[in-house]
Amino acid sequence: MKNVKLISLALSMLICFVTAAQEKTITGMVADENRQPLPGANVTNQNSKQTTQTNFDGKYSIQAQKGDLLIFNYIGYETQRQKVENATTINIKLLPAFQSLNEVVVVGYGTSSDEYENNNYSPSKRKEKKTSAQMLQGTIAGIQVSQNSPYTPSPVTIRGVATISSKNEPLYIIDGVRANADQIAQINPNDIKDVKVLKDSESTSVYGSKGANGVVVIATKNDLYKNLTEKELNTKLKHIDPILPEQVNQEDYDTFIENAFESPKTAPLSTFSIDVDNASYTNVRRFINNGQAVPKDAVRVEEMVNFFKYNYPQPNDQHPFSINTELSDSPWNAKSQVLKIGLQGKNIPTDDLPASNLVFLIDVSGSMSEPNKLPLLKQSLKILVNELRTKDKVAIVVYAGAAGLVLSPTSGDEKKTIVEALDKLSAGGSTAGGAGINLAYKIASENFIKNGNNRVILATDGDFNVGGSSNTDMEKLIEEKRKSGVFLTCLGYGMGNYKDSKMETLADKGNGNYAYIDNIQEANRFLGKEFKGSMFAIAKDVKIQIEFNPKQVQAYRLIGYENRKLRPEDFKNDAIDAGELGSNHTVTALYEIIPSGIQSDYLKQQPDDLKYTKVQETSNTYNGELATIKFRYKKPDGDKSIEMVNVIPNKSVALEKATEDFKFSSAVAWFGLKLRDSKLISNKSSEDILKLAKQGLTNDSEGYKAEFIRLVEAVKLDY
């Protein structure tokens with residue numbers, strides 16, 4: 001008997017050895033259609049059930065044997081399958097899933113199909129995306145599905161019995177595996193091949209008493225969950241972001257009126273703070289990608305324009321940025337011109353950047369529990385941690401019902417310690433935002449680095465609902481903290497209850513910048529690839545003041561920057577806060593100009609019978625000047641501003657001869673004006689916007705401009 005056991009053990013070891021020998025490590029990269037890496041893409045070995053994700057560079061590693069089937073998927077892209085042969089490197093290109101979704105529902109012994117068009121987002125015409133539960137609606141007599149709040153199952157009623165979240169819940173089967181309503185809610189509708197709804201004798205004859213309340217049988221296109229145990233199914237679906245309809249009525253955006261045309265005779269100066277934020281663009285992208293109408297007040301045109309980088313030259317003097325201007329035809333109003341003003345921040349080598357004193361201020365309240373909030377937040381900050389050097393240090397402050405320090409200032413080379421502290425965070429409780437801000441700034445001040453990069457990084461959905469919750473209270477608090485010399489970066493996450501207005505207020509008043517992180521790629525862009533520009537200021541309180549020549553300009557208007565306008569007297573007032581400029585950052589501003597002598601429907605009639613305020617005409621010999629532009633900025637640790645002055649010549653080129661940067665930035669502004677339903681543009685053709693954007697499609701190694709073109713193609717709002 002003993003010998004038999006030894007032989008059996010030896011055979012088992014031999015089998016394990018042979019199996020291990022047959023297994024090999026498969027590596028490769030997952031990229032999009034522009035060959036740009038896709039971080040966070042799922043790679044699954046269908047045979048062994050092993051699953052992994054691509055890293056920040058789109059690379060993966062997974063164990064497999066010859067003959068195994070690898071499945072590659074990423075939300076918004078078509079799933080790809082690849083059989084393992086002899087090669088140990090498998091690179092995959094995923095294509096966007098922009099085509100129409102054919103919803104196929106099997107009912108009894110028949111089949112019906114419903115064509116869902118996802119390229120019409122007009123508020124009056126568009127159809128809402130259906131969730132996996134809502135796809136059951138109308139499939140069989142007696143079944144009803146109600147709309148519920150985001151990320152909760154839609155109640156299903158079969159034969160008048162409310163079955164989800166009750167003891168009478170129907171039996172759910174996914175690829176032959178028993179599931180529950182919460183797991184049904186996690187499934188991406190794009191992955192569903194067909195759905196069978198069984199009731200009465202049909203359900204009990206096959207599934208016995210377990211099917212007494214009806215049976216919902218779901219088959220996925222690639223048998224994604226076949227042969228899994230119920231425990232494995234639960235684990236797998238917990239890591240899938242739910243694709244549910246977003247309710248935006250609880251999201252909060254500041255209302256503003258777009259800038260009107262002004263006459264240089266009555267308003268000779270236009271003054272505003274620069275804005276390097278681009279949160280509006282990524283937020284707009286989120287709405288479009290999810291098939292929703294874009295809220296008008298969520299569109300800030302300047303943030304859309306400044307999402308993209310333009311080819312401006314590096315500064316060649318003592319100032320930290322170069323100034324670049326270009327004048328050409330307006331693409332949306334035939335009789336107007338557009339003036340582009342571009343700033344290019346000095347690119348400081350990473351080794352020459354000052355030491356950083358960073359405090360992560362993380363919202364761990366109950367509202368942050370969704371997959372696109374705290375889980376995405378933690379992955380995002382890990383990207384930033386990867387950029388840190390030995391001389392940098394990080395502390396972590398969290399807040400929910402109260403605020404607390406979970407990681408004391410830690411050297412940037414102790415990445416494992418910082419990551420472990422992030423991994424331990426979980427969501428729950430209310431949101432004491434004010435207490436969190438106070439503690440974070442206290443830690444930052446206590447560890448202040450002279451001539452260093454001292455910054456609080458606030459990561460939240462902006463839903464402050466305890467203590468100083470109003471925008472006014474928060475504004476006063478952050479203005480007070482700004483005096484400490486600590487900068488602020490706001491990172492916004494989530495949807496449904498997202499408070500954009502609070503995030504914008506904090507960033508505007510706190511010597512800060514603001515980004516909305518809608519996915520891991522955006523986190524990789526803002527916190528990884530553009531780390532220097534996002535986290536290291538080379539100039540603060542940057543203001544622009546432009547004086548247009550009334551001899552050449554009949555009227556002008558600033559495109560966007562409505563929330564950044566300043567009074568003329570604020571320009572030289574060093575107590576007035578303005579925007580910051582980061583290393584290698586670019587800032588772009590556009591003005592629309594109506595030249596002198598041009599008839600325009602957008603001009604206000606100027607009174608000519610005033611007795612006391614009539615403008616006295618003077619001799620103007622500045623025939624070749626369009627405008628004089630002034631800039632003021634402070635050094636990051638300075639209190640006194642420095643002034644720069646440039647004259648803009650009155651030299652315009654035809655639009656077809658303008659630079660690619662001019663064409664693309666104008667196309668982005670045009671699209672933003674259209675989304676805002678601007679009353680000051682005459683041409684709202686999506687085709688014309690696309691045509692102009694494609695003419696500016698150069699210097700796009702990261703694929704962001706190509707993505708913008710896809711967004712315009714997806715929307716096509718003709719109103």
Any side-chain heavy-atom pair from Asp277 and Asn306 closer than 4.5 angstrom?
-> no
Heavy-atom donor-acceptor pair, Asn259 side chain to Gly560 backbone, under 3.5 Å | yes
Checking Ser666 side chain against Ser330 main chain: does a donor-acceptor pair fall under 3.5 Å?
-> no
Answer yes or no: is there a donor N or O on one side and an acceptor on the other, between the side chain of Gln314 and the main chain of Asn347, under 3.5 Å?
-> yes
Output yes when a side-chain donor or acceptor of His585 lies under 3.5 Å from a complementary backbone atom of Gly345, and no otherwise.
-> no
Between CD1 on residue Ile538 and CG on residue Leu353, distance to nearest 0.5 Å = 10.0 Å
Expected output: side-chain Lys684 to main-chain Ser678 donor-acceptor under 3.5 Å = yes
Without swapping roles, check the side chain of Glu387 against the backbone of Phe531 for a donor-acceptor pair under 3.5 Å.
-> no
More than 12 heavy atoms of other groups within 6.0 Å of Glu656 CD | yes
Derivation and outcome, salt bridge (Lys or Arg N to Asp or Glu O under 4.0 Å), residues Lys694 and Glu713 | CA-CA 12 Å; Lys694 289 176 180 178; Glu713 289 174 336; 3.7 Å; yes
Taking the side chain as C-beta and beyond, is there a heavy-atom pair between Thr282 and Asn519 under 4.5 Å?
-> no
Is there a side chain to side chain donor-acceptor pair (under 3.5 Å) between Asn584 and Gln344 once you walk through the steps?
-> CA-CA 7 Å; Asn584 207 34; Gln344 172 64 60; 3.2 Å; yes
Distance-minimising heavy-atom pair for Lys540 and Lys635 | CE-O, 3.4 Å
Taking the inter-plane angle between the rings of Tyr561 and Phe272 on a 0 to 90° scale, is it parallel (under 30°), tilted (30 to 60°) or perpendicular (over 60°)?
-> tilted
Salt bridge or not for Lys565 and Glu562, using N-O below 4.0 Å?
-> no
Worked check of salt bridge (Lys or Arg N to Asp or Glu O under 4.0 Å) between Asp541 and Lys543 | CA-CA 6 Å; Asp541 291 342; Lys543 306 172 188 175; over 6 Å; no
Can you name the one residue among Arg286, Arg525, Lys373, Arg285 that meets salt bridge (Lys or Arg N to Asp or Glu O under 4.0 Å) with Asp518?
-> Arg285
What do the steps show when you test Ser280 against Arg300 for side chain to side chain donor-acceptor pair (under 3.5 Å), and what is the final call?
-> CA-CA 6 Å; Ser280 179; Arg300 294 186 290 274; 4.9 Å; no
So Lys529 and Glu702, salt bridge (Lys or Arg N to Asp or Glu O under 4.0 Å) or not? Walk me through it.
-> CA-CA 10 Å; Lys529 296 174 183 177; Glu702 303 294 338; 2.8 Å; yes
Taking the six-membered ring for Trp, are the ring centroids of Tyr312 and Phe321 within less than 6.0 Å of each other?
-> no
Taking all non-hydrogen atoms of both residues into account, name the closest pair between Lys640 and Asp574 and its distance.
-> CA-OD2, 3.6 Å
Hey, does the Lys NZ or Arg CZ of Arg455 hover above the aromatic six-ring of Phe536, less than 6.0 Å from the centre and inside 45° of the axis?
-> no
Identify which one of Val668, Val305, Leu343, Asp661 satisfies the side-chain contact (heavy atoms from CB on, under 4.5 Å) criterion when paired with Thr588.
-> Val305
Which of Val587, Ile546, Asn324 passes side-chain contact (heavy atoms from CB on, under 4.5 Å) with Ile341? Answer is Ile546
Cationic tip of Lys705 above Phe664 ring, under 6.0 Å, 45° of axis = yes
Report yes or no: do Ser263 and Gln554 form a side-chain donor-acceptor pair below 3.5 Å?
-> no
Does the side chain to side chain donor-acceptor pair (under 3.5 Å) test come out yes or no for Glu262 and Ser270, once each step is laid out?
-> CA-CA 9 Å; Glu262 297 183 275; Ser270 173; 5.8 Å; no
Any side-chain heavy atom of Glu303 sitting closer than 4.5 Å to one from Asn283?
-> no
Is the count of non-hydrogen atoms from other residues, nucleotides or ligands lying under 6.0 Å from Asp317 atom CG greater than 12?
-> yes
For the residue pair Phe708 and Phe671, does the interplanar ring angle fall in the parallel (under 30°), tilted (30 to 60°) or perpendicular (over 60°) class?
-> perpendicular
Checking Asn333 side chain against Leu680 main chain: does a donor-acceptor pair fall under 3.5 Å?
-> yes
Rounded to the nearest 0.5 Å, how far apart are CG of Asn289 and CD of Glu707?
-> 6.5 Å
Quick check: are there more than 12 heavy atoms from other residues, nucleotides or ligands sitting under 6.0 Å from CZ of Phe256?
-> yes
Distance, nearest 0.5 Å, that separates CG of Leu626 from CD1 of Ile648 = 6.0 Å
Pairwise side-chain contact, Ile544 with Lys630, heavy-atom cut-off 4.5 Å (strictly under) | no
Just do the side chain to side chain contact (heavy atoms under 4.5 Å, CB included) check on Lys481 and Val456 with the steps written out, would you?
-> CA-CA 11 Å; Lys481 298 302 180 184; Val456 169; over 6 Å; no
Would a line drawn from the ring center of Tyr493 to the ring center of Tyr516 be shorter than 6.0 Å?
-> no
So, Phe308 versus Tyr704, ring centres under 6.0 angstrom or not?
-> no
Going by heavy atoms in the side chains, are Leu491 and Ile457 under 4.5 Å from each other?
-> yes
Between CE of Met535 and CG of Asn453, what distance do you get to the nearest 0.5 Å?
-> 8.5 Å
Ser665 side chain vs Phe662 backbone, donor-acceptor pair below 3.5 Å | yes
Side-chain ion pair, Lys499 and Asp461, N-O less than 4.0 Å = no
Do Ser534 and Phe526 pass the side chain to side chain contact (heavy atoms under 4.5 Å, CB included) test, and can you show the C-alpha distance, the side-chain angles, and the key distance before you say yes or no?
-> CA-CA 7 Å; Ser534 303; Phe526 186 79; 3.3 Å; yes
Using atom types as modelled and distance alone, determine if a side-chain donor or acceptor of Glu258 lies under 3.5 Å from a backbone N or O of Lys679.
-> yes
With side chains defined as the heavy atoms from C-beta onward, is the minimum distance between Leu339 and Tyr556 less than 4.5 Å?
-> no
Within the distance-only criterion (no hydrogens, no angle test), does the side chain of Thr271 pair as donor or acceptor with the backbone N or O of Phe571 below 3.5 angstrom?
-> no
When you measure from the centre of the six-membered ring of Phe261, is the NZ or CZ of Arg557 under 6.0 Å away and within 45° of the axis?
-> yes
Is there a donor in the side chain of Glu625 and an acceptor in the side chain of Asn650, or the other way round, less than 3.5 Å apart?
-> no
CG of Asp601: more than 12 outside heavy atoms within 6.0 angstrom?
-> no
